[in-house]
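Please read all numbers here as calculations on a predicted model, not as lab measurements. Here, residue 1 is the first one in the sequence, and each next residue gets the next number.
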Amino acid sequence: MSATAREIEVRLRTALAPLHLEIADDSAKHAGHAGAAQGGGHFECVIVSEAFRGRPMLERHRAVYAALGDLMTHEVHALALRTLDPSEWPGQAS
């Protein structure tokens, strides 16, 4: 796991206390891309958190961006998010 992915994990766990968290660093797939050339990585995250219950997708994404803060300015160029409350996570009861 890259240093940026580890920092993403720390910040998301601290801010959102996820029941499930997956972080994929897809930066290698985007080598040569303008954002990658400037050092920003491409990441995908699946986040299951009680903090998302009853909140629309836009608010969920804003909560993630707030948790990541300054990482979004340089370290993260692209972020694909799947944000779910526990009742939306397949195979889990809430």
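Expressed to the nearest 0.5 Å, how far CG of Asp85 lies from CD1 of Ile47 amounts to 13.0 Å. Interatomic distance, His74 NE2 to His77 NE2, rounded to the nearest 0.5 Å: 13.5 Å. Taking CD from Glu88 and OG1 from Thr83, the interatomic distance works out to 8.0 Å, rounded to the nearest 0.5 Å.
In this structure the side chain of Ser49 never reaches within 4.5 angstrom of the side chain of Leu19, judged on heavy atoms. Side-chain contact check for Asp25 versus Thr4: every heavy-atom pair is 4.5 Å or farther apart. Contact check for Val48 versus Pro18: no side-chain heavy atoms found under the 4.5 Å cut-off.
A search for salt bridge (Lys or Arg N to Asp or Glu O under 4.0 Å) contacts involving Arg13 returns Glu9, not counting sequence neighbours. Partners of Val46 under the side-chain contact (heavy atoms from CB on, under 4.5 Å) rule, at least two apart in sequence or in another chain, are His20, Glu22, Arg82, Trp89. The side-chain contact (heavy atoms from CB on, under 4.5 Å) search around Ala5 returns Met1, Ser2, Ile23, Phe43, not counting sequence neighbours. Judged as a salt bridge (Lys or Arg N to Asp or Glu O under 4.0 Å), and not counting sequence neighbours, the contacts of Arg55 are Glu59.
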Can you list, pair by pair, the side-chain donor-acceptor contacts under 3.5 Å of residues 61-71, counting residues two or more places apart and other chains?
residue: Asp70; atom: OD1; partner: Arg11; partner atom: NH1; Å: 2.7
residue: Asp70; atom: OD1; partner: Arg11; partner atom: NH2; Å: 3.1

